[in-house]
Amino acid sequence: MKEQATNPYRLLPAVEEVLREPAVSAFEARVARDVLVTLVQATLDAWRGEIKAGELDADGLQARLASGGLAADLEARVRAEEGSGLIPAVNATGVVLHTGLGRAPMHPEAAAAMERVARSYAVLEVDRFSGERNRRDDRLSTLLQRLTGAEAGIAVNNNAAAVLLALQTFAGGRAAICSRGELVEIGGSFRMPDVMARAGVRLVDVGTTNRTRAADYRAAVTDATALLLKVHTSNFRMVGFTEEVSGAELAELGRELGLPTVFDLGSGLLEPEGAAPLADLLEHEPLVRDAVACGLDAITFSGDKLLGGAQAGLIVGTAAAIGTMRRNPMYRALRLDKVTIAGLETTLELLLAGRGDEIPARAMMRATADELRPRADALAAAIDGLGSTWTVEVLAATSQPGSGSAPGVELPTWVIAVARAGFTATELAASLRAGDPPVYARIQEERLRLDPRTLLPGDEERLLDALRALS
Ligand SMILES: *Cc1c(COP(=O)(O)O)cnc(C)c1O
């Protein structure tokens, strides 16, 4: 009898037995029964592991079971299950276009437009007035035309897709010439030479890492050449003895040689009328309109970087070039859905209506340190009021545009440096990420730094709730 009681494995209940406990079966209101079964198995497996490692004996297990340890462990697992997947987060990092946090938050009117079409049928590929079939991005093309001065536009899933479509359309099975200094890697998974290879395009790289001239392109042209490509080095900067072929030079060369020209702009800075400019903050960031004015055949950029809209790849250019891309069967695999189109149309309409300053990403970039100071002070005071375990200090710091836009650009800000007694900065950051809502912040000099620049309306309260829940 005694021997049996001291064997902790025998005290572990069977899965079926656990599921009959009311405190456990109550979780069926929150997760499906199948899921609950796997969570119970995971708990029992974890405990079995503790026993095996000598960390849990019969007495310990008995005490744990008696004090409701099973339900407590399952509560944590059910919470993790509920909180996984795509849920809203608070971005207190100060990185405006934070790729890990979904880049640009959208304007409320754009988000509302997305919700409206998501919930209903929509006039996607039928013309309301003639009743005939039309193209899903006709309106987007018109809006892009008005904003950039290009003859036409087309939209696909992201800028990587836009580059793929452009390369494949104009140079599939043939060769494209690109400067050696512009063979960029964006965020690990987008490497220009790899994308070219997948598009079936042979890369001919010309010039040197730091200097490429029009003559280098010209000398590399053969019968196999189908395209001249330029890529904005959006996430790094070369300084010193450098030279690049400008968009205007490339367009000129293309016309002279009878070859199409494509410029991957990356961030896609637009300076719409009536909006405070961003160009002075983000020097070296080329403007879409300027690239269009060069007379290039196609220009690609992202919808969710400096444009401040939904994830998309936008291509503007000549009507002929855009039409050729539209006829490529690959476009069918890369095209946008109605929800994204609705969000982008509304974003572009806001830009055209002179309401560019309302686009959240633009407003966040433009916020000055003086404007951010009172927000930092108020938040610091509120955190200070949470209790004596918290220490706060408001410090001058810098935020970043993010998403590889404008490398080296630092936007002056004020941050709240937060510490909590008994917690390292890493532990504090981890518990905030695991909280509800998840909060993301930077760590510097062993303190968490909360930057008000990237807080959206209502985020201050959510952030305080998350901190309060830890107290
Ligand atoms: C960001 C970027 C890309 C990739 O754009 P996504 O929209 O993330 O697919 C491609 N080229 C350049 C130059 C970029 O800056």
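Order of listing sets the numbers, starting from 1, for every ligand and every atom in it. Scope of the values below: all heavy atoms of this structure, side chains included, with no hydrogens, waters or symmetry mates.
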Study note, to complete from the structure: Taken to the nearest 0.5 Å, the spacing of Thr261 OG1 from Phe170 CZ works out to 9.0 Å

**Study point:** Any donor-acceptor N or O pair under 3.5 Å, side chains Ser399, Arg453
**Key:** yes

Exercise for review: Would you check if there is a donor-acceptor pair between the side chains of Arg103 and Ser403 at a distance under 3.5 Å?
Suggested key: yes

**Study point:** First-shell residues of ligand 1 [heavy atom, distance under 4.0 Å]
**Key:** Arg103, Asn158, Asn159, Ala160, Ile186, Phe190, His232, Ser234, Asp264, Gly266, Ser302, Lys305

Point to revise | Any donor-acceptor N or O pair under 3.5 Å, side chains Asn210, Thr242 | key: no

Exercise for review: Take Glu427 and Arg420 through the test salt bridge (Lys or Arg N to Asp or Glu O under 4.0 Å) and record every step on the way to the result.
Suggested key: CA-CA 10 Å; Glu427 286 166 351; Arg420 190 179 174 210; over 6 Å; no

Review point. Hey, is the main chain of Ser130 close enough, under 3.5 Å, to the side chain of Asp127 for a donor-acceptor pair?
Key: yes

